[in-house]
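Below, all heavy atoms of this structure are taken into account, side chains as well, without hydrogens, waters or symmetry copies.
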Amino acid sequence: LSERVIGGLLRTQLGFSGVVVSDDLEMAGIAWNRPLESSGLAALRAGSDLLIVSRMLLAERCIPGLLADLRLAIGEETVAAATIVAALKRVRRFKQGLNWHADPAAAAAVLRAPEHLSLLEEVERRAIG
């Protein structure tokens with residue numbers, strides 16, 4: 001959640017231009033003293049491009065609030081629109097590098113490729129043991 005670490009150290013000093021993924025915004029170190037909405041805004045302001053929220057039941061209640069707070073923050077310019085645009089560009093570039101498909105059928109064709117299914121079966125065999 002630190003602008004000094006993400007924006008200063010990681011992006012400026014180290015020159016990292018890739019996608020920054022937050023820690024889980026519900027983990028104790030973040031969530032014990034601030035609500036999800038506040039953590040999400042802080043992570044975006046700091047330079048995170050993707051936000052992780054792990055607990056679905058809590059997320060279902062809080063995500064609409066986080067999105068509403070984001071819209072408000074952008075409207076009031078407490079989170080710069082340029083920050084959001086830059087994050088979207090990095091995420092799109094990342095997805096393109098993964099050969100990401102917006103079409104579910106195309107994505108399923110990639111994910112269900114024989115080599116992927118074979119790897120899945122091997123992982124399952126080893127996990128079962």
Atom pairs and distances, donor-acceptor, side-chain atoms in residues 82-91, under 3.5 Å, two or more places apart:
{"from": "Arg90", "atom 1": "NE", "to": "Asp49", "atom 2": "OD1", "distance (Å)": "3.0"}
{"from": "Arg90", "atom 1": "NE", "to": "Asp49", "atom 2": "OD2", "distance (Å)": "3.0"}
{"from": "Arg90", "atom 1": "NH2", "to": "Asp49", "atom 2": "OD1", "distance (Å)": "2.7"}

Exercise. Leu9: which other cluster members, linking ILVMFWY side chains closer than 4.5 Å, directly or transitively?
Worked result: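 Leu9 clusters with Ile6, Leu10, Leu14, Phe16, Val20.
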Exercise. In the hydrophobic clustering (ILVMFWY, side-chain contacts below 4.5 Å, transitive), which residues join Trp32, or is it alone?
Worked result: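 Via sub-4.5 Å side-chain contacts, Trp32 links to none.
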Look up atom [atom1] in [X] and atom [atom2] in [Y], then write down how far apart they are to the nearest 0.5 Å.
X	Y	atom1	atom2	value
Leu51	Asp23	CG	CG	11.0 Å
Glu3	Leu1	CD	CG	10.0 Å
Ile30	Ser22	CD1	OG	6.5 Å

Exercise. Considering all heavy atoms of both residues, which atom of Leu25 and which atom of Gly40 are nearest to each other, and what is their separation?
Worked result: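 Shortest heavy-atom separation between Leu25 and Gly40 comes out as CD1-CA, 3.7 Å.
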Exercise. Taking all atoms of both residues into account, what is the closest heavy-atom pair of Arg34 and Ala42, and its distance?
Worked result: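 Heavy atoms only, the tightest pair is NH1-CB, 3.3 Å.
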Problem set entry | Which residues share a side-chain hydrogen bond (donor to acceptor under 3.5 Å, both in side chains) with Glu77, sequence neighbours left out |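 By the side-chain hydrogen bond (donor to acceptor under 3.5 Å, both in side chains) rule, Glu77 matches no residue at all.
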Exercise. Of all residues at least two apart in sequence or in a different chain, which pass the salt bridge (Lys or Arg N to Asp or Glu O under 4.0 Å) check with Glu122?
Worked result: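 Residues passing salt bridge (Lys or Arg N to Asp or Glu O under 4.0 Å) with Glu122: Arg126.
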For this session: Just do the side chain to side chain contact (heavy atoms under 4.5 Å, CB included) check on Leu41 and Thr78 with the steps written out, would you?
Result: CA-CA 9 Å; Leu41 289 174; Thr78 56; 5.9 Å; no
Exercise. With sequence neighbours left out, which residue pairs that include part of residues 39-48 fulfil the side chain to side chain donor-acceptor pair (under 3.5 Å) condition?
Worked result: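 Qualifying pairs, neighbours excluded: none.
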Exercise. Under a 4.5 Å cut-off applied to non-hydrogen side-chain atoms, are Ile52 and Val21 in contact?
Worked result: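 Result yes, sub-4.5 Å side-chain heavy-atom pair found.
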